Amino acid sequence: MNPTLYIIGGGPGDPELITLKAVRALEKADVILYDALVSDQLLAHARPDVRLIFVGKRKGRKELSQQEINELIVFYASRTSCVVRLKGGDPFVFGRGHEELEYASRRGIAVEVIPGISSALAAPASAGIPLTKRGVNESFWVITGTLSSGEISNDIALASESSATVIILMGISKLKEILSIFVKARSPFEPAAIVEHATLPTQRVISGTVYSLAEQIHADEVRTPAVIVIGKVVDERHVATPTGLVEGEVMMLQRKVI
């Protein structure tokens, strides 16, 4: 028996956004180790006799340490032919997928990575915000808002000094601090948005400026998971409303009045 570990990205939330290749791996898995942000509908692709093991974390509380997850992967891979490690988003975008790949590979386990759609890309798109647009921006940064130490990422201050669009994951607990950095480095009127539950029926978009969001929105009012988007592309948001107006244009009119 030559065991194979598949490290799979399950996408940003909508179960239909997983890749066909990932579904095929789920269908043949003997064991699936899955995270908290993985949709139950993805697990429905598995065989009836599959062993499902929850190894995620909820509200910041880890069920298992990364070392324990690594050991579980190797334990099951040494006893079955196909193990799937199912993660939300993309396993190589703040997903620790490469750590698991290294651990398993060093122990003689064949590993295949199946990428997923990261919420860093999907959240702005599902909110109608382009990550790039000619004449508006030249690049974008994707940054974790909170380090493993609990401190805010130093790269946020660096990004605020650029003209790039900034997408911040796992930053809601530091929301006020993050927005304040951009108020000082760019302008109080720099466009910003928070996208909650991206791609799901419960998705909600809160848009305004870095100043207005800092003044009006508290972290405990935001439903996680949520992605912060900062930059002029937020003003390009295009979402049709029942009146035929464009929501992004309405927000810009409001901003000009302020």
Side-chain angles (χ1 to χ4, degrees), residues 8-19 22-23 26 32 34-46 52 54-63 86-91 93-95 116-131 142-146 165-176 178-179 191-210 212-214 216-231 233-234 236-243 245-248 250-251 254:
I8 295 176
D14 183 342
E16 293 186 355
L17 290 177
I18 193 171
T19 65
V23 169
L26 288 170
I32 299 175
Y34 66 100
D35 282 348
L37 296 180
V38 169
S39 168
D40 290 342
Q41 293 180 57
L42 296 184
L43 300 177
H45 291 295
L52 299 175
F54 175 72
V55 294
K57 60 181 179 180
R58 298 186 188 277
K59 296 182 180 179
R61 298 195 305 272
K62 294 181 180 179
E63 301 294 326
L86 182 59
K87 297 172 172 286
D90 181 271
V93 180
F94 303 119
I117 301 174
S118 171
S119 61
L121 307 180
S126 64
I129 301 169
L131 277 181
V142 179
I143 307 174
T144 178
T146 310
T165 300
V166 182
I167 300 98
I168 302 170
L169 309 182
M170 300 172 287
I172 296 303
S173 65
K174 304 288 185 182
L175 181 62
K176 295 284 187 184
I178 290 169
L179 295 174
I194 300 169
V195 186
E196 305 172 339
H197 294 191
T199 74
L200 295 173
T202 54
Q203 175 175 299
R204 181 174 70 145
V205 182
I206 308 166
S207 59
T209 68
V210 288
S212 68
L213 292 183
Q216 299 170 21
I217 304 299
H218 298 281
D220 57 6
E221 297 173 340
V222 179
R223 300 173 300 182
T224 56
V227 175
I228 303 167
V229 186
I230 300 173
V233 291
V234 173
E236 303 298 318
R237 186 180 177 219
H238 189 100
V239 180
T241 66
T243 62
L245 293 174
V246 175
E247 187 175 350
V250 173
M251 292 305 300
Q254 292 174 340

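Position 1 is the first residue of the sequence, and the numbers go up from there. All of these numbers come straight from a predicted model, not from anything done at the bench.
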Say you draw a straight line from [atom1] of [X] to [atom2] of [Y]; how long is it, rounded to the nearest 0.5 Å?
{"X": "Ile8", "Y": "Thr19", "atom1": "CD1", "atom2": "OG1", "value": "7.5 Å"}
{"X": "Ser39", "Y": "His45", "atom1": "OG", "atom2": "NE2", "value": "8.5 Å"}
{"X": "Leu131", "Y": "Ile167", "atom1": "CG", "atom2": "CD1", "value": "4.5 Å"}
{"X": "Leu179", "Y": "Thr209", "atom1": "CG", "atom2": "OG1", "value": "9.0 Å"}
{"X": "Lys174", "Y": "Ile228", "atom1": "NZ", "atom2": "CD1", "value": "12.0 Å"}
{"X": "Gln41", "Y": "Ile18", "atom1": "CD", "atom2": "CD1", "value": "11.5 Å"}

Any side-chain heavy atom of [X] within less than 4.5 Å of one from [Y]?
{"X": "Leu42", "Y": "Tyr34", "result": "no"}
{"X": "Asp90", "Y": "Ile117", "result": "no"}
{"X": "Thr199", "Y": "Glu16", "result": "no"}
{"X": "Leu169", "Y": "Thr144", "result": "no"}
{"X": "Ile230", "Y": "Ile168", "result": "yes"}
{"X": "Pro12", "Y": "Leu17", "result": "yes"}
{"X": "Val195", "Y": "Gln203", "result": "yes"}
{"X": "Leu175", "Y": "Ile194", "result": "yes"}

Closest heavy-atom pair and its distance - [X], [Y]:
{"X": "Ala120", "Y": "Pro124", "value": "O-CD, 3.3 Å"}
{"X": "Ala193", "Y": "Leu213", "value": "N-CD1, 4.1 Å"}
{"X": "Ser207", "Y": "Arg237", "value": "OG-NH1, 4.2 Å"}

**Report entry** Lys87 side-chain N/O to Gly9 backbone N/O, donor-acceptor pair under 3.5 Å
**Finding:** no
Query raised in the report: Judged by atom type as modelled, is there a donor-acceptor pair below 3.5 Å linking the side chain of Ser126 to the main-chain atoms of Ala122?
Result: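 Judged by distance alone, yes, a pair lies under 3.5 Å.
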Requested in this report: Kindly write out the residues that satisfy side-chain contact (heavy atoms from CB on, under 4.5 Å) with Thr224, not counting sequence neighbours, or none if the list is empty.
Outcome: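 Per chain and number, Thr224 pairs via side-chain contact (heavy atoms from CB on, under 4.5 Å) with Ile172.
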Query - Audit row: Leu43, Leu86, side chain to side chain contact (heavy atoms under 4.5 Å, CB included) steps and yes/no - result: CA-CA 9 Å; Leu43 300 177; Leu86 182 59; 4.0 Å; yes
Requested in this report: Report the C-alpha distance between Thr202 and Glu196 in whole Å, list the side-chain angles of each, state the deciding distance to 0.1 Å, and finish with yes or no for side chain to side chain donor-acceptor pair (under 3.5 Å).
Outcome: CA-CA 8 Å; Thr202 54; Glu196 305 172 339; over 6 Å; no
Report task. List for me each residue that meets salt bridge (charged side-chain N to carboxylate O under 4.0 Å, His left out) alongside Asp14, sequence neighbours excluded, and say none if there are none. Result ->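 For Asp14 there are no salt bridge (charged side-chain N to carboxylate O under 4.0 Å, His left out) partners, ignoring immediate neighbours.
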**Report entry** side chain to side chain contact (heavy atoms under 4.5 Å, CB included) evaluation trace for Arg204 with His197
**Finding:** CA-CA 7 Å; Arg204 181 174 70 145; His197 294 191; over 6 Å; no
